[in-house]
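Below you'll find the structure, written out as structure tokens, and then a few comments.
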Amino acid sequence: MIQGENINKHFGDLHVLKGVDIHVEAGEVVAVVGPSGAGKTTLLQLLGTLDRADSGIIRIGGVDVSRLKDKEQANFRNQHIGFVFQFHQLLPEFTALENVMIPALIAGKSKKAARQRALEILEYMKLSDRLEHKPAQLSGGENQRVAVARALVNHPKVVLADEPSGSLDTKNKEELHQLFFDLRDQFNQTFIIVTHDVQLARLTDRVIEMRDGLIL
């Protein structure tokens with residue numbers, strides 16, 4: 001599903017990623033761990049086409065995304081990659097339903113189709129009674145579940161999560177962790193999760209450890 005070969009990334013004189021190779025199979029839930037500054041988030045951003053590597057190859061589902069032009073990358077990202085961040089990053093002026101619909105509308109789906117798909121996912125997330133609530137009216141756990149629903153609305157090949165449970169309390173954290181595995185089992189989603197959470201890392205299929213810009 002995901003192949004990265006000899007990925008290098010500099011920020012000025014700082015060599016952040018130093019020839020990283022990574023391979024993730026379809027349907028895997030993989031944790032990326034390591035100390036702050038190891039390059040975990042940078043790697044996630046490159047795999048998600050949010051930034052470009054200085055050199056190396058990144059393939060997702062057989063597509064060499066490193067060779068795509070900016071507009072092509074944006075279209076690929078919208079259709080095939082879902083993102084979940086530590087802080088949900090929902091748009092505060094929109095309801096839960098509207099927030100989940102947005103990526104589908106960007107992808108060119110009709111409002112009716114986007115709404116139907118968003119309703120299906122939010123129902124799966126057990127948020128049917130929160131459709132018209134805005135982020136300020138939802139709990140932290142509910143907001144993060146809405147963010148996961150938004151990540152899934154376009155049936156992405158892969159979901160990239162950066163410290164997804166970092167801002168949650170223990171109960172909501174456990175529920176979110178279980179949700180990732182339920183989604184993998186139900187929809188064969190592929191997850192790459194950057195985390196400092198030892199409990200979450202232990203639950204995943206495989207742990208990738210990074211240090212000083214390298215995979216150990």
Side-chain angles (χ1 to χ4, degrees), residues 1-9 17-34 38-86 103-104 106-107 117 120-121 124-125 147-165 176-195 197 200-210 213-216:
M1 173 56 68
I2 297 176
Q3 291 178 300
E5 301 173 9
N6 196 29
I7 302 170
N8 285 273
K9 181 66 178 178
L17 295 180
K18 305 171 182 176
V20 168
D21 294 327
I22 184 171
H23 179 81
V24 179
E25 296 285 353
E28 268 196 300
V29 178
V30 174
V32 180
V33 304
K40 305 184 301 297
T41 293
T42 299
L43 177 61
L44 205 70
Q45 290 173 339
L46 297 181
L47 295 177
T49 72
L50 295 173
D51 197 1
R52 288 186 181 271
D54 297 326
S55 62
I57 296 173
I58 297 173
R59 295 186 181 90
I60 300 176
V63 177
D64 185 350
V65 296
S66 52
R67 292 181 179 273
L68 298 178
K69 296 178 181 179
D70 289 348
K71 187 174 181 180
E72 292 172 331
Q73 274 198 352
N75 290 335
F76 184 91
R77 183 168 58 245
N78 173 254
Q79 295 175 27
H80 300 296
I81 304 174
F83 296 92
V84 182
F85 303 98
Q86 178 174 355
I106 292 172
R117 172 62 178 160
E120 290 172 359
I121 301 178
Y124 181 86
M125 299 286 181
V148 173
R150 178 183 58 187
L152 296 174
V153 72
N154 285 338
H155 304 277
K157 288 184 170 75
V158 61
V159 176
L160 305 177
D162 193 359
E163 296 289 357
S165 59
L176 182 66
H177 293 176
Q178 185 58 52
L179 176 61
F180 289 149
F181 296 98
D182 291 344
L183 289 168
R184 187 273 302 275
D185 295 340
Q186 182 78 17
F187 303 112
N188 198 36
Q189 298 290 160
T190 303
F191 284 85
I192 301 179
I193 306 169
V194 165
T195 185
D197 192 307
L200 174 56
R202 286 174 178 167
L203 293 172
T204 60
D205 300 319
R206 185 158 54 95
V207 177
I208 295 172
E209 185 176 359
M210 294 190 68
L214 295 166
I215 288 179
L216 303 182

Might you point out which heavy atoms bring [X] and [Y] nearest each other, and give the distance in Å?
{"X": "Arg206", "Y": "Val24", "answer": "NH2-CA, 3.8 Å"}
{"X": "Phe83", "Y": "Gly48", "answer": "CZ-O, 3.3 Å"}
{"X": "Glu25", "Y": "Thr190", "answer": "O-CG2, 3.6 Å"}
{"X": "Ile57", "Y": "Ile7", "answer": "O-CG1, 4.2 Å"}
{"X": "Asn154", "Y": "Ala107", "answer": "ND2-CB, 3.9 Å"}
{"X": "Leu47", "Y": "Leu160", "answer": "C-CD1, 4.0 Å"}

Gap separating the [atom1] atom of [X] from the [atom2] atom of [Y], nearest 0.5 angstrom:
{"X": "Ile193", "Y": "Ile208", "atom1": "CD1", "atom2": "CD1", "answer": "11.5 Å"}
{"X": "Ile81", "Y": "Gln73", "atom1": "CD1", "atom2": "CD", "answer": "8.5 Å"}
{"X": "Asp70", "Y": "Arg77", "atom1": "CG", "atom2": "CZ", "answer": "8.5 Å"}

Is it true that a side-chain atom of [X] and a backbone atom of [Y] form a donor plus acceptor pair closer than 3.5 Å?
{"X": "Lys40", "Y": "Gly34", "result": "yes"}
{"X": "Gln189", "Y": "Phe180", "result": "no"}
{"X": "Asp205", "Y": "Val29", "result": "yes"}

(message) Checking His80 now: which residues fulfil ring pair (Phe, Tyr, Trp, His ring centres under 6.0 Å) with it, not counting sequence neighbours?
(response)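 Scan of His80 (ring pair (Phe, Tyr, Trp, His ring centres under 6.0 Å), adjacent residues dropped) gives Phe76.
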
(request) Please determine, by modelled atom types, if Asp182 and Gln178 share a side-chain donor-acceptor pair under 3.5 angstrom. (result)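 There is such a pair between these side chains.
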
(message) Tell me whether Arg59 is salt-bridged to Glu5, with the criterion being a basic N under 4.0 Å from an acidic carboxylate O.
(response)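 Yes, charged N to carboxylate O under 4.0 Å.
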
